[in-house]
Student: 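Here you go, one structure.
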Amino acid sequence: MNREIAQIFENIADMLQLKGENIHRYLSYRRAAETIRDLPRDLRAISAEGGLTDLPNIGKTLADKINEYIETGKLEFYERLKAEIPESLLDIMRINGVGPKKAKLFWDELGITTVAELQAAAENNQLAGLKGMGSKSQQKILDGIQALSRQTGRTPLGKALPAAQAILDILLAMPQVIKGEIAGSIRRARPTIGDVDILVAVQDMSDSAPIMQTFVSMENVARILGQGETKSSVELVNGLQVDVRVLPLARWGTGLQYFTGSQAHNVKIRQIALNQGYSLNEHVLSPVDSNGDIIPDAPKLTFETEESLYEQLGLSWIPPELREDMGEIEAAQTHSLPHLITLDDIQGDLHMHTTWSDGKLSVREMAEAAYQRGCKYIVITDHSRSLGIANGLSIERLLAQQEEVRRVDAEMNGKIRVFHGTEMDINADGGLDFPDEILEQLDFVIASLHVSLRQDEEQITRRLLNAIQNPHVDLIGHPRAQQIPHREPVKADMDAIFAAAKQHNTALEINANPIRLDLEANYARRAIEMGILLAINTDAHQAEQLDLMHYGIRTARRGWVTPDMVINTWDVARFQAWITDQT
DNA sequence: GCCGTTTTCGGCCCGACTGTTTTCAGTCG
C-alpha cells in the first residue's frame, strides 16, 4: 500500500511539473512520496488512528487523497491527470538530459509520447530543428535512451561502495589530492544508490585539471557526461554514474556537508542558517540582510571541516547516516543525538554457515577466520532439513554437528567461543522445521523465512508470529526476506510482529549482507524505540563475507541504533547469560 | 501543497555544466 501511494504521488509530481505547475506544489507531492516510502508502518494503520496529518509533509489535502485511495483503490485526481497527460511521457522524462520542458516540447511539436517514438524521431533527425535543440542535443538523447536501457534502476550499496572506493583510491594516490571522501547516499549508507559522488580537496583549484583528466581517463569509463573544473561526470561500463568534484581544502567542510545530503536535510540546515542571518551554499556561509539578500561587502565564512560548520550553526556534528531530516537536526540543536553503534562495538557474529549446509568452510575454519577478525564468539547456524536446496541438516546431522562444534569450541581454547545453533526454516504452513525437544538442545535458534515468500499478508504474519512466540527461538533472521534490488520484502503486519517480539523477548536481525540489509533502518529504529533487541550478523557462507559486518553497522546507524540494544555487542558472559535465560 | 523561533500568509536553495545561445534556458543534483 505504501509503495503504491508513494509511486502515485511521485507520478503526480512529474505530471504537474510537466504541466508547468508551481514548483512548490509539485515538490510537496514529491516530498510526501519520500515520507511515505520510508515509513516503518502501513498507511492503513496510521489512517485508522487518524494520524496521517501528523506525518511530515502530509497535510489535509494529501491525507484526504491517501484515504480516498485506501478506501476506493483509486485516486480521482490522478485519473484526471492521466487522461490529460500520457503516462508514458514520464518515462521520457527519465532519460538523462530530458526534463519536463523538453518532454513537453517533443509532445507538443511532434506528438511524441513514448521513448520508442522519441528514439525514432531522433534517428530520423527530426529533433535537431526544434527550438533550443541542435545535433548535439539530439545525439545526447539517443545516448540517454541507450543508457536507460542499460540501467536496472538503483545500484545496491554493496556494489556502489567498492566501486567508489576503487576510484577514490586512484585519486588519493595523486600528489595534487590532499584528501578525498565518498559523499552522497553512499556516505549516508542508503541500501541503494542512484549515482556516486566523490569529493577531493586541493590546495589550489589550478590543480583540478590533471585530477579530472585522470578521472575521465580511467579504463572502466564508458563515456564522459561532462568535464569541468569543479565537477566531472562519467558513466562506467557497468552503467553506474560517477561524479567527481574538486574543491579547495579551505572549503572542504561546506562542500562535504552539501554533497553528502540528503536534500531534505540540507534544506532544513539552510533554513536554520537563514534564521541566524546567513545564506549557506556549498562554498561559504554568507551574511544576509533582513530580506534574505546577501550583503555584498560582508565577510563570508568558510569551513575546513563539517564539525566547525555545524558548530557555527549551533548544532552537534551529525553522523552522515542520520542526515535524512528524520529528527536528527532537532536532536543536534539540543545536543541529544544518540551514541550510535560502531563496528568496534561488535564482539560476536551469531549467524553463519559451514560445509555442513551451503557454506564453503568447516566449523573449525570459520572459527579461525572469525577469530582473525577479532570476533570473541560466534554461533554456527546452518540451514535446517526442509531447505534441501541448501543441504539443510536433518535432526541426526544437526546433533552430529553439535559434537563437532563442541570439539572445536574446546580446541579454540578460549581464544574465541563457538556456540551451536541453527538457522531454522519457518515452513510454508507456519510450522517450525525442528521440534521443541531438539531446539532446546541448541545454544541459539534463528528462525527465518526462505520459502513461500509471496503468500498474503495474513499468512506471512502468522508464520512470523508463530516463530516469535516459540520460547526456543532467540532471533528472527532477515525478517522481511527482501533481496536488493530485485526481491521486494514480504507483506507482513509489522505492528503485530514488533508487538510480539517485544512481548516474547525475541530479537530481530539486521542482516549485514548488502543484498539483504534487513531489517531496514526505518524498521530497526522503530524496533529499538519499542525496546526490542537486535542482532547484527553477516550470515557468512565463506571467510570474506565475515567482512560484510560494516554494512549492517551502517544500516543500524541509519536506524539510530545504540550498542546496548544489540545483543552481539555484549561480552560473551552477558550473551551466554541471555541465551541461557531465553530457555 | 506544506508549514510555522518571521506563525494562518507568504515562503519554499541555488550553483555548475551544456548546448544553444549573441545573453540564456534547461537539466541536474
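Atom set for the values below is all heavy atoms of this structure, side chains included, hydrogens, waters and symmetry mates excluded.
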Student: Out of B/dT20, B/dG1, B/dG29, which nucleotide sits closest to the side chain of A/K136?
Tutor: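 Side chain of A/K136 sits closest to B/dT20.
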Student: Hey, are the side chains of A/R188 and A/L157 touching, using non-hydrogen atoms and a 4.5 Å cut-off?
Tutor: no
Student: Can you identify which nucleotide, out of B/dC13, B/dG1, B/dG15, has its nearest atom closest to the A/R270 side chain?
Tutor: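 Among B/dC13, B/dG1, B/dG15, the one nearest the side chain of A/R270 is B/dC13.
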Student: May I ask you to say what A/Y258 touches in the nucleic acid, namely base, sugar-phosphate or nothing, with a heavy-atom cut-off under 4.0 Å?
Tutor: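 Base contact.
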Student: How close or far is atom P of B/dG1 from atom NZ of A/K60, stated in whole angstroms?
Tutor: 12 Å
Student: Between A/S28 and B/dC12, is there a side-chain N or O to OP1/OP2 distance below 4.0 Å?
Tutor: no
Student: Rounded to whole Å, how long is the line connecting atom NZ of A/K104 with atom C1' of B/dA25?
Tutor: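 Computing the A/K104:NZ to B/dA25:C1' distance gives 16 Å.
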Student: Side chain of A/L62, heavy atoms from C-beta onward: which of B/dC12, B/dC2, B/dG19 has the nearest atom to it?
Tutor: B/dC2
Student: Mapping A/V98 and A/H283 onto DNA chain B by nearest heavy atom, which one lands closer to the 5' end?
Tutor: A/H283
Student: Expressed as a whole number of angstroms, how long is the span from A/L130:CG to B/dG26:P?
Tutor: 13 Å
Student: Measuring only between side-chain heavy atoms, which start at C-beta, is A/R245 closer than 4.5 Å to A/I198?
Tutor: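 A/R245 vs A/I198: side chains apart.
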Student: A/I23 near the nucleic acid: base, sugar-phosphate alone, or nothing, with a heavy-atom cut-off under 4.0 Å?
Tutor: nothing
Student: Please tell me if A/S233 has a side-chain N or O lying less than 4.0 Å from either OP1 or OP2 of B/dC28.
Tutor: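 False: A/S233 side-chain N/O out of range (4.0 Å or more) of B/dC28 OP1/OP2.
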Student: To the nearest angstrom, how far is A/D197 atom CG from B/dG29 atom P?
Tutor: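 One finds 9 Å between P of B/dG29 and CG of A/D197, rounded.
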Student: Is it true that A/R94 and A/D91 have a side-chain N and a carboxylate O under 4.0 angstrom from each other?
Tutor: yes
Student: Could you verify whether a donor N or O on one side chain and an acceptor N or O on the other, from A/E71 and A/N67, lie under 3.5 Å apart?
Tutor: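 There is no such pair (donor and acceptor under 3.5 Å, judged by atom type) between the side chains of A/E71 and A/N67.
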Student: Once you round it to whole Å, what is the distance between C1' of B/dG29 and CZ of A/R31?
Tutor: 15 Å
Student: When rounded to the nearest Å, what value does the distance between P atoms of B/dT21 and B/dG29 take?
Tutor: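 Straight-line distance between the two P atoms is 25 Å.
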Student: Could you tell me whether A/Q263 contacts a base, only the sugar-phosphate backbone, or nothing, with contacts defined as non-hydrogen atoms closer than 4.0 Å?
Tutor: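 Touches a base.
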Student: Counting heavy atoms from C-beta on, name the nucleotide in B/dA16, B/dC2, B/dG19 closest to the side chain of A/K231.
Tutor: B/dA16
Student: Please work out if A/N266 contacts a base, only the sugar-phosphate, or nothing of the nucleic acid, heavy-atom cut-off 4.0 Å.
Tutor: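 The residue A/N266 makes no contact with any strand.
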Student: Contact class for A/I95 vs. all strands (heavy atom < 4.0 Å): base, sugar-phosphate, or nothing?
Tutor: sugar-phosphate
Student: Rounded to whole Å, how long is the line connecting atom CG of A/D64 with atom P of B/dG1?
Tutor: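 Nearest whole value for this atom pair: 11 Å.
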Student: For the residue pair A/E324 and A/H265, confirm or rule out a side-chain donor-acceptor distance under 3.5 Å.
Tutor: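 Result is no, nothing qualifies.
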Student: Output the single nucleotide from B/dG1, B/dT6, B/dG29 whose closest atom is nearest the side chain of A/Y29.
Tutor: B/dG1
Student: If you find the nucleotide of DNA chain B closest to A/S135 and the one closest to A/K65, which residue's nucleotide is nearer the 5' end?
Tutor: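 The residue closer to the strand's 5' end, by nearest nucleotide, is A/K65.
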Student: Of all the nucleotides listed (B/dC17, B/dG15, B/dG1), which has the minimum atom distance to the side chain of A/T230?
Tutor: B/dC17
Student: Using Watson-Crick or G-U wobble geometry with both distances under 3.5 Å, which nucleotide pairs with B/dG26?
Tutor: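 Result: B/dC17.
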Student: Expressed in angstrom and rounded to an integer, what is the separation of A/I329 atom CD1 from B/dC3 atom C1'?
Tutor: 15 Å
Student: Write down the distance separating the P atoms in B/dT6 and B/dC2, rounded off to the nearest Å.
Tutor: 23 Å
Student: Rounded to the Å, how far apart are A/M93 CE and B/dG29 P?
Tutor: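 For the pair A/M93 CE and B/dG29 P, the rounded distance is 13 Å.
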Student: Please determine, for the side chain of A/K102, which listed nucleotide (B/dT27, B/dG29, B/dT20) has the closest atom?
Tutor: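 Shortest atom-to-atom distance from the side chain points to B/dT27.
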Student: What nucleotide, of B/dG29, B/dG15, B/dT27, holds the atom closest to the side chain of A/K101?
Tutor: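 Given the options B/dG29, B/dG15, B/dT27, the side chain of A/K101 is closest to B/dT27.
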Student: Using the P atom on both, measure B/dT18 against B/dC12 and round to a whole Å.
Tutor: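 To the nearest whole Å, 29 Å.
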Student: Write down the distance separating the C1' atoms in B/dC13 and B/dT27, rounded off to the nearest Å.
Tutor: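 To the nearest whole Å, 16 Å.
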Student: Among B/dC14, B/dT6, B/dG29, which nucleotide has an atom closest to any side-chain atom of A/S279?
Tutor: B/dC14
Student: Pick the C1' atom in B/dA25 and in B/dT20, then give their distance to the nearest Å.
Tutor: 9 Å
Student: Tell me which nucleotide among B/dC12, B/dA16, B/dC2 gets nearest to the side chain of A/N57.
Tutor: B/dC2
Student: For the residue pair A/Y29 and A/Q17, confirm or rule out a side-chain donor-acceptor distance under 3.5 Å.
Tutor: no
Student: Would you say A/I553 and A/I341 make side-chain contact, with heavy atoms under 4.5 Å?
Tutor: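 Yes, side chains in contact.
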